[in-house]
2 protein chains.
Amino acid sequence: MEFNKIAREESLSQKIEMQIRNAIRQNLFCPGDKLPGELELAQKFGVSRTAVREALRILSGRGLVNIQRGSGVYISEIDVASVVDPFYQLLEMKCGQVSQLHLIRVRKFIEPEIARLAATHCNDSDIDFLTINYAQMSDRAEKPEEMIDIDIQFHFRLAEATQNPIIPVIMQPIFQLLHKFIQATYKQSHAPDLALENHRKLMGCMRAHDPEAASQIMKTHMAQAEEHVLQYYKKHDIQITS
Amino acid sequence: MEFNKIAREESLSQKIEMQIRNAIRQNLFCPGDKLPGELELAQKFGVSRTAVREALRILSGRGLVNIQRGSGVYISEIDVASVVDPFYQLLEMKCGQVSQLHLIRVRKFIEPEIARLAATHCNDSDIDFLTINYAQMSDRAEKPEEMIDIDIQFHFRLAEATQNPIIPVIMQPIFQLLHKFIQATYKQSHAPDLALENHRKLMGCMRAHDPEAASQIMKTHMAQAEEHVLQYYKKHDIQITS
DNA sequence: ACCTTAAACTTGTATGACAACATACAGTAT
DNA sequence: ATACTGTATGTTGTCATACAAGTTTAAGGT
């Protein structure tokens, strides 16, 4: 016979953590607000400072509050990093080792659609950003390692420009992984030159709001990137698994 | 004159938390493993039990460890829920409300490519799973609410069958979000019937290893789903934002 | 071999004390 | 008046100790 498991009584600190978390969730506190001091909270909850502190630690682990020594505890605005970090960790764990090839093959079919959507929905602010981004990138034509960040920012902005909030959140961990691997292939042959050229063309498509062309160019961009990865693999005698 | 900024010393508990987290990250501990007791840790780190406890609380807040009173602290297997929960929260915050439309429009261009890759790389085990899954689904033709889980599992298996480990990890939060929304539209009109039919066809493509057909059918599948969402929106007078 | 019971171990909470840091305010020198 | 300085006060950080409460292990009796 199956009995319902007795709800194992939560610890005090868990109860307190839950209460504060719910309060935050219900927007009783706004990001940046300061929580009452530990002592005050302890008195309000009728528990010791210890219990309150542990609750606050848990909340800080969740990234919901920001504890500053000597000052106080503050509600932290929801940080993209705190969400993407575990996500990224999950990727890292699950994949054992993710290869550049896996990455580029995902981007290969996602990024063209991002470009297409971006060309449709991008606004002037996006175009301005991309313009500046392109200028920064071409300024560093001699220093490929400095281009990487800017390159990735370009793609991330496209993801944001789609006006679909799910897309940038999904792409962020992918770009984060990209950072890890791209350095190996980026310096290769004329990769930076080609990337620069592709970004220029993509910018044109954004300005013209031409989804079809944007998608096509991005496809080419990705195909070239894949080519560079494959060259790199061949050069270093790396087995292609999948 | 510029002086080097003194690296503001992290708190002890933060340092400890970092060390343990890195140890976990480097797979020095496996999920399910038991950490040394608080006292032992305190001695090893040369700090008080308090500091260790606070570090463990942070880790538990991050979802990396599972603290059991009277027993010990255990490395928790990476819990998808702990990753997806903040993910969902972020999306909720970022755009007020994530709509089904955002979701289906992402799936619309990702899933056909998943189907294409799956048709190429799927193995017998995948096909067996999908076969059973289809049978379970058609058994519940009368109970749409029970079909949802099975439906989503079908798509998730396709994601796994691509043999690209990044894809299922990215799709998981999307499917999780789907759970929350799909119930509204799933019962609509002949949605379950159409889904069943599409899954049958997709299965055929997997058996035949026909990527092009798989992609096409999935495209249709997603287009129909989008249609159902739009119908639902119209029915309930929901504004289409993007 | 099985059950019961007790001991040992582990985490949870409370209390008190002091250290380290931040902030605000008053005081001083320029 | 302004800028700097030191102090008072409030906050979080760490420590030590004690005990409560749960879990695990092992001893002991049946």
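Below, read A as the first sequence line, B as the second, and so on, with proteins coming before strands; counting in each chain starts at 1. The figures that follow rest on heavy atoms only: side chains count, while hydrogens, waters and symmetry mates do not.
Considering only residues two or more places apart in sequence or on other chains, A:Gln153 meets the side-chain contact (heavy atoms from CB on, under 4.5 Å) condition with A:Phe129, A:Asn133. Taking B:Phe175 as the reference, nothing meets the ring-ring contact (aromatic ring centres under 6.0 Å, His included) condition, with sequence neighbours excluded. A search for side-chain contact (heavy atoms from CB on, under 4.5 Å) contacts involving B:Asn123 returns B:Ser125, B:Asp126, B:Gln163, not counting sequence neighbours.
Closest approach of A:Leu41 to A:Pro36, counting heavy atoms only: CD1-O, 3.6 Å. For the pair B:Leu35 and B:Leu56, the tightest heavy-atom approach, listed with the atom from each and the gap, is CD2-CD2, 4.1 Å.
In this structure, the separation between CG on A:Leu130 and NE2 on A:His155 is 10.5 Å, given to the nearest 0.5 Å. Note that the CD1 atom of A:Ile110 and the CD1 atom of A:Ile174 stand 5.0 Å from one another [nearest 0.5 Å]. In this structure, the separation between CE on B:Met18 and CD1 on B:Ile58 is 10.5 Å, given to the nearest 0.5 Å.
Dashed line: the shortest gap from a side-chain N or O of A:Arg49 to OP1 or OP2 of C:dA14 is not under 4.0 Å. Of the side-chain N and O atoms in B:Ser48, one or more sit less than 4.0 angstrom from OP1 or OP2 of D:dC15.
Spacing between atom CD1 of B:Ile67 and atom P of C:dC9 amounts to 21 Å, rounded to whole angstrom units. Across the protein-nucleic acid pair, A:Glu54 atom CD and D:dT14 atom C1' stand 13 Å apart, rounded to whole Å. In this structure, B:Leu59 atom CG and C:dT11 atom C1' are separated by 16 Å, rounded to whole Å. Rounded to a whole Å, the CG atom of B:Asn66 is 18 Å from the P atom of D:dG22. Look at CZ on B:Arg57: it is 13 Å from C1' on C:dT10, rounded to the nearest Å. Taking atom CZ of residue A:Phe45 and atom P of nucleotide C:dT13, one finds them 13 Å apart after rounding to whole Å.
A:Leu56 comes within 4.0 angstrom of no nucleic acid atom, judged by non-hydrogen atoms across all strands. A:Thr50 comes within 4.0 angstrom of a base, heavy atoms only.
Panel note: side chain B:Asn164, backbone A:His102; a donor-acceptor pair is recorded below 3.5 Å. Checked by atom type and distance alone, the side chain of B:Ser76 pairs as donor or acceptor with a backbone atom of B:Leu64 at under 3.5 Å.
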Between the protein and nucleotides 5-11 of chain D, list the N/O to N/O atom pairs that are separated by less than 3.5 angstrom.
| from | atom 1 | to | atom 2 | distance (Å) |
| --- | --- | --- | --- | --- |
| D:dG10 | N2 | A:Gly70 | O | 3.0 |

Review item, nucleotides 24-26 of chain C N/O atoms under 3.5 Å of protein N/O:
none

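Sparse packing is recorded around CG of B:Asp124, with 12 or fewer heavy atoms of other residues, nucleotides or ligands lying under 6.0 Å away.
With the nearest nucleotide of DNA chain C identified for both B:Leu39 and A:Gly46, B:Leu39 has the one nearer the 5' end.
Contacts between residues 13-21 of chain B and DNA chain C, counted as heavy-atom distances below 4.0 Å, involve no residue at all.
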